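To keep things clear, I will list the structure first and then write my remarks on it.
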Amino acid sequence: MNSSVFSFLSDFVFLLLLFSQIPSSLSNDDLFTACKKEFVCGNISAGFPFLGTGRPSACGIPELELMCNENNITTMNINQVAYRVLEINREFKTLRIAREDYLAGLCQPQFANSTFNPKILEPVEGNINYTLIYGCEDASANMPGRRSFSCKIKDVDGQSGYIKEGENGPGECNGSVIVPVSITDSITEMNTSDLEEQLKKGFEVRWKVDMDLCWECASSSGVCGFDNVTNQATCYYPGMHSPPEISL
Ligand SMILES: *[C@@H]1O[C@H](CO)[C@@H](O)[C@H](O)[C@H]1NC(C)=O
Ligand SMILES: *[C@@H]1O[C@H](CO)[C@@H](O)[C@H](O)[C@H]1NC(C)=O
Ligand SMILES: *[C@@H]1O[C@H](CO)[C@@H](O)[C@H](O)[C@H]1NC(C)=O
Ligand SMILES: *[C@@H]1O[C@H](CO)[C@@H](O)[C@H](O)[C@H]1NC(C)=O
Ligand SMILES: *[C@@H]1O[C@H](CO)[C@@H](O)[C@H](O)[C@H]1NC(C)=O
Ligand SMILES: *[C@@H]1O[C@H](CO)[C@@H](O)[C@H](O)[C@H]1NC(C)=O
Ligand SMILES: *[C@@H]1O[C@H](CO)[C@@H](O)[C@H](O)[C@H]1NC(C)=O
């Protein structure tokens, strides 16, 4: 009698366990399937730590969201600045990005400095900062040589500006934008057309996400994702139970 009560109870507990684990098991499987899928857009492809366009938020770091536009061009926003993604190098953990506003020359600036969350992205060695300064009374007086330019901004023609190495404020002019630029050996002191060219080629930033866990995860046939509760990389396995916090 005692033993049959025990047996009934243990079956009951077993069933409880079974039912409480089925949903999370399915959801981890879904996460595995979702995060196994790569981001693909034109000739750019990416896995962890990126998300976006088919990769849900559980698959990557919130700040590293990629978008694919109708022309198969990859873009991303970093600290409110729009960039085009030109290349992703998984081995070196680098992205080559170019500011969207400067792809069409210097005259349609988005007035925001290029800044990066140092925990997530860092500019690589081999970049220097340049400042583009807009809305000056007479830029060529400030900056002689070929480092001043003239723009039509907000329907005002002939607004003059200039470029200057380093991180600068607008001074007596109306606005300034700081942007990293790849150093090229061939150019010692950039003029405006050199800078225009360099801005189109973009610059590199490195993602500072530790990938070791992900290599381990992959070698045990899992796929890396991002646990937004612990704020850490996590591993999803096909058809295995998941802790409740990563279930959808
Ligand atoms: C990707 O394609 C674009 C043109 O669509 C080309 O300019 C670029 O060099 C290609 N990038 C790579 C890494 O192949
Ligand atoms: C974008 O890429 C997809 C998949 O490769 C292709 O089917 C589509 O035609 C491309 N669109 C454009 C505008 O190139
Ligand atoms: C460029 O400026 C940013 C701040 O605006 C700074 O964090 C970064 O270190 C600078 N890069 C270089 C190469 O001086
Ligand atoms: C700077 O901005 C102010 C206010 O918008 C404007 O009145 C002034 O003309 C601008 N200066 C130049 C040099 O563009
Ligand atoms: C960019 O940074 C400089 C120096 O820190 C600052 O003076 C300037 O106002 C900033 N520009 C914008 C658009 O925020
Ligand atoms: C800018 O400098 C490059 C060399 O760095 C030169 O070939 C080019 O003619 C210059 N452009 C202007 C507008 O001065
Ligand atoms: C964490 O991710 C889950 C889905 O995986 C989502 O429902 C939830 O809103 C996310 N929480 C935060 C704080 O982003």
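Ligands are counted one by one from 1 in listed order, and the atoms in each one are counted from 1 as well. All values derive from a computational prediction rather than experimental measurement. For this chain, numbers begin at 1 and follow the sequence in order. As a basis for the values below, the full set of heavy atoms in this structure was taken, side chains included, without hydrogen atoms, waters or symmetry mates.
For NZ of K37, the number of neighbouring non-hydrogen atoms (other residues, nucleotides, ligands) closer than 6.0 Å is 12 at most.
Looking only at heavy atoms of the protein, atom 5 (O) of ligand 3 is closest to E167 CG, 4.1 Å. Looking from atom 8 (C) of ligand 2 to the surrounding protein, the closest heavy atom is N72 ND2, 3.8 Å.
Linking ILVMFWY residues whenever their side-chain heavy atoms come closer than 4.5 Å, directly or via other members, places I120 and V205 in the same cluster. One hydrophobic cluster holds both M211 and L95 under the rule that ILVMFWY side chains link at heavy-atom gaps under 4.5 Å. The hydrophobic cluster containing W207 also contains I61, counting ILVMFWY residues as joined when their side-chain heavy atoms lie under 4.5 angstrom apart, directly or transitively.
Under 4.0 angstrom from ligand 3, there are no non-hydrogen atoms of N113.
Applying the 4.0 Å criterion to heavy atoms of N129 picks out, from ligand 3, the atoms 1 (C), 2 (O), 3 (C), 8 (C), 10 (C), 11 (N), 12 (C), 14 (O). The contact set between ligand 3 and N127, taken as ligand atoms under 4.0 Å from a residue heavy atom, comprises 13 (C). Heavy-atom contacts of E70 reach the following atoms of ligand 2: 13 (C) (cutoff under 4.0 Å).
There is a protein heavy atom closer than 4.0 angstrom to atom 14 (O) of ligand 3. At least one protein heavy atom sits closer than 4.0 Å to atom 2 (O) of ligand 2.
A salt bridge does not link E122 to K93: none of the charged side-chain nitrogens sits closer than 4.0 Å to a carboxylate oxygen. Using a cutoff of 4.0 Å between basic side-chain nitrogens and carboxylate oxygens, E196 and R99 are not scored as salt-bridged.
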